[in-house]
Amino acid sequence: MAAAPTRRTPRDAALAAEALLLLIAARRMVRTAGLRGISARLEALPDARGAHDAAVCADIVWAVGAAARRMPLRLLCYERGIAACHMLSRRGLAATFHYGVGRDDGDLAAHVWVTSGPLPVIGCAEAADYRVVLRVSR
């Protein structure tokens, strides 16, 4: 028997809408700005001075995932990470954007993950397979 769908609040809908807009902006940024431009934009976000909140991080993970699933195109860790960083920053929370490289079946591969202080946010499960080449903390 399938579980009943979870009711979402107006706050959840607003959070998902914010994530959707940020994912669209991140997609455009990835296509036009390059790593150096994205890094500069992330560095321009307000500094959160190390604050973090597990409940807010969980809400952001849900919102980014829910919005990404509804997009007509496949969004990768790069776009999801950029959106998550912006959402964390807007809430005054620490955001660290990690860009790493590694090997995937012998080919060079890249991966993005985001943490908030000690808390994993986006893409952290795969992070151990990559060597960090860029880190932006806010």
Side-chain angles (χ1 to χ4, degrees):
M1 180 181 238
T6 304
R7 286 192 171 262
R8 294 291 174 191
T9 65
R11 180 186 165 281
D12 292 337
L15 199 61
E18 176 188 355
L20 181 67
L21 292 173
L22 287 168
L23 285 166
I24 292 168
R27 173 73 173 184
R28 181 179 171 106
M29 198 183 308
V30 167
R31 295 179 64 98
T32 61
L35 185 57
R36 186 171 287 165
I38 291 168
S39 172
R41 289 180 182 162
L42 292 173
E43 287 172 354
L45 292 173
D47 190 356
R49 305 197 193 288
H52 56 276
D53 182 319
V56 174
C57 287
D59 288 345
I60 290 171
V61 169
W62 171 82
V64 169
R69 284 189 299 275
R70 286 161 178 78
M71 294 287 289
L73 49 104
R74 186 169 173 239
L75 296 171
L76 302 175
C77 56
Y78 211 177
E79 294 93 352
R80 291 172 187 235
I82 293 166
C85 279
H86 279 273
M87 293 179 79
L88 288 164
S89 178
R90 287 185 56 156
R91 286 154 182 82
L93 298 176
T96 302
F97 178 90
H98 308 264
Y99 182 90
V101 295
R103 294 277 177 193
D104 185 13
D105 292 328
D107 295 325
L108 187 62
H111 182 58
V112 167
W113 63 99
V114 175
T115 57
S116 181
L119 304 172
V121 180
I122 297 283
C124 296
E126 301 86 5
D129 297 333
Y130 296 87
R131 187 176 131 255
V132 176
V133 295
L134 172 72
R135 181 178 292 125
V136 179
S137 295
R138 304 308 314 140

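This one's a predicted model, so the numbers in the text were calculated from it and none came from an experiment.
- Side-chain contact between R135 and V132 is present, with heavy atoms from C-beta onward closer than 4.5 Å.
- Ring geometry for W113 against H98 counts as parallel: the plane angle stays under 30°, on a 0 to 90° scale with 60° as the upper cut.
- Minimum interatomic distance between S39 and V136 (heavy atoms only, all atoms of both residues): OG-CG2, 3.7 Å.
- Both I24 and L22 belong to a single network of hydrophobic side chains, linked directly or stepwise wherever heavy atoms of I, L, V, M, F, W or Y lie under 4.5 Å apart.
- Separating the CZ atom in R27 from the CZ atom in R74 is a distance of 10.5 Å, to the nearest 0.5 Å.
- Of all non-hydrogen atoms in F97 and C85, the two that sit nearest each other are CB-SG, 3.7 Å.
- Salt bridge annotation for R28-E79: absent, with no cationic side-chain nitrogen under 4.0 angstrom from a carboxylate oxygen.
- Residues R11 and D59 are paired through a salt bridge, judged by an N-O separation under 4.0 Å between the basic side chain and the carboxylate.
- With sequence neighbours left out, the side-chain contact (heavy atoms from CB on, under 4.5 Å) criterion links R70 to A66.
- Across all non-hydrogen atoms, the minimal contact from A68 to R80 is CB-NH2, 3.4 Å.
- Note on L21 and I38: separate hydrophobic clusters, where clusters join Ile, Leu, Val, Met, Phe, Trp and Tyr whose side-chain heavy atoms are under 4.5 Å apart, directly or indirectly.
- Counting only heavy atoms from C-beta outward, the side chains of H86 and L42 approach each other to under 4.5 Å.
- Rounded to the nearest 0.5 angstrom, C77 SG and Y99 OH are separated by 8.5 Å.
- In this structure the side chain of R138 never reaches within 4.5 angstrom of the side chain of P46, judged on heavy atoms.
- Separating the CZ atom in R41 from the CE atom in M29 is a distance of 5.0 Å, to the nearest 0.5 Å.
- Separation of atoms CG (D53) and OG (S116) is listed at 8.0 Å; rounding is to 0.5 Å.
- V133 and L76 are members of different hydrophobic clusters when ILVMFWY side chains are connected at heavy-atom separations under 4.5 Å.
- Contact detail for L119 and C57: the closest heavy-atom pair is CD1-SG, 4.0 Å.
- Distance check: D104 CG to E126 CD gives 11.0 Å after rounding to the nearest 0.5 Å.
- When atom types are taken as modelled, the side chain of H52 and the backbone of L93 share no donor-acceptor pair closer than 3.5 angstrom.
- The CG atom of L15 sits 11.5 Å away from atom CG of L20, with the distance rounded to the nearest 0.5 Å.
- The cluster map of Ile, Leu, Val, Met, Phe, Trp and Tyr, joined by side-chain heavy atoms under 4.5 Å apart, puts V61 and L23 in the same cluster.
- The minimum heavy-atom distance linking A63 with A19 is given by the pair O-CB, 3.5 Å.
- I82 pairs in a side-chain contact (heavy atoms from CB on, under 4.5 Å) with only one of the listed residues (V114, V64, V30), which is V30.
- In terms of heavy atoms, T115 sits closest to C124 at CG2-SG, 3.9 Å.
- Both L134 and Y78 are assigned to one and the same hydrophobic cluster, defined by single-linkage of ILVMFWY side chains at heavy-atom distances under 4.5 Å.
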